[in-house]
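Labels below follow one simple rule: chain letters A, B, ... track the order of the sequence lines, proteins then strands, and each chain is numbered from 1. Since this is a predicted model, take the numbers as computed values, not measurements.
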Amino acid sequence: MRRLLRRAELARNADVVAPFLLNKLLAAGECVGRIVEVEAYMAMDPASHSFRGRTNRNAVMFGPAGHLYVYFTYGMHHCANVVTGGAGDGQAVLLRAIEPVAGIDLMIERRGRKAHLTDGPGKLCQAFDIDLAGNGIDLCRAGPIALFDDGVAPPTNPARSPRIGIRVGVDTPWRFTVAD
DNA sequence: AGAGTGATGGGCT
DNA sequence: GCCCATCACTCTT
């Protein structure tokens, strides 16, 4: 049994939605994967793209929860986020790692290797073919990219640790990981 | 397993 | 100009 995530489930603070998203499914075309590592980016969070206010790049973060915020970084990678919180407060959850479930052959083809297909934010975007064209997509509706619950509960005690690759906000344990 | 590093381009002060 | 919410390759323990 598989159902789309409801917007109300995502319209909460990012540090609540982040552990909630663990073990949920991301589907893009024929590719499906189980979310196993995420990071929360809060309102008034100096590490968040939304911290310095709304720009063309981060505009989706200030829109309604449940939409996909994609950005391009380091000149070659895309990263995928789920917008959370109340509309306008600029919160999101970064998808850091996913366990491949379906469409693995296509992921291998896109990644050009058979291992480490989706164990990083840039890697999973390449495997799922997520780029700026997907920025703003509603993940709570049937469409090219969507989020599903297939009945697997989030871990009761996910590992919490500091976020990665940021200079500020290192003191807050807003990275959530499924054990193993 | 871990450290060092080059690639590469849009966004912002 | 400078800064990245990165990756993969290389060399070293």
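In the hydrophobic clustering of ILVMFWY residues, with side-chain heavy atoms under 4.5 Å counting as a link, V36(A) and F128(A) come out together.
Side-chain N/O atoms of T73(A) include none lying less than 4.0 angstrom from OP1 or OP2 on dT6(C). Contact annotation: R167(A) side-chain N/O to dC4(C) OP1/OP2 distance is under 4.0 Å. A sub-4.0 Å separation between OP1 or OP2 of dA5(C) and a side-chain N or O of R57(A) is absent.
M44(A) belongs to no hydrophobic cluster, as no Ile, Leu, Val, Met, Phe, Trp or Tyr side chain comes under 4.5 Å of its own. Its side chain within the 4.5 Å cluster rule, I166(A) clusters with Y41(A), V60(A), M61(A), F62(A), Y69(A), Y71(A), V83(A), L94(A), V170(A) among the Ile, Leu, Val, Met, Phe, Trp and Tyr residues.
Relative to the six-membered ring of F176(A), R160(A) misses at least one condition, a distance below 6.0 Å or an angle of at most 45° to the axis.
Between D45(A) and R163(A), at least one side-chain N (NZ, or NE/NH1/NH2) sits under 4.0 Å from a carboxylate O, which counts as a salt bridge.
R111(A) and Q126(A) share a donor-acceptor pair across their side chains, judged by distance under 3.5 Å alone.
Of the residues near DNA chain C, A47(A) and R111(A), the one whose nearest nucleotide (by heavy atom distance) lies more toward the 5' end is A47(A).
With a 3.5 Å limit on both pairing distances and Watson-Crick or G-U wobble geometry required, the stems of 3 or more pairs in DNA chain C span B:1-7 with C:6-12, B:9-12 with C:1-4.
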Please produce a list of atom pairs where a protein N or O lies less than 3.5 Å from an N or O of nucleotides 1-7 of chain B.
none

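A heavy-atom distance below 4.0 Å to DNA chain C is reached by these residues of residues 123-135 of chain A, ordered by number: K123(A).
Taking only side-chain atoms of T55(A), from C-beta outward, the nucleotide of dA8(C), dA5(C), dC12(B) with the closest atom is dC12(B).
Under the stacking criterion of a centre-to-centre distance below 5.5 angstrom and an interplanar angle below 30°, F72(A) is not stacked against the six-membered ring of dG10(B).
Applying the salt bridge (charged side-chain N to carboxylate O under 4.0 Å, His left out) rule to R7(A) yields the partners D138(A); only residues at least two apart in sequence or on another chain are considered.
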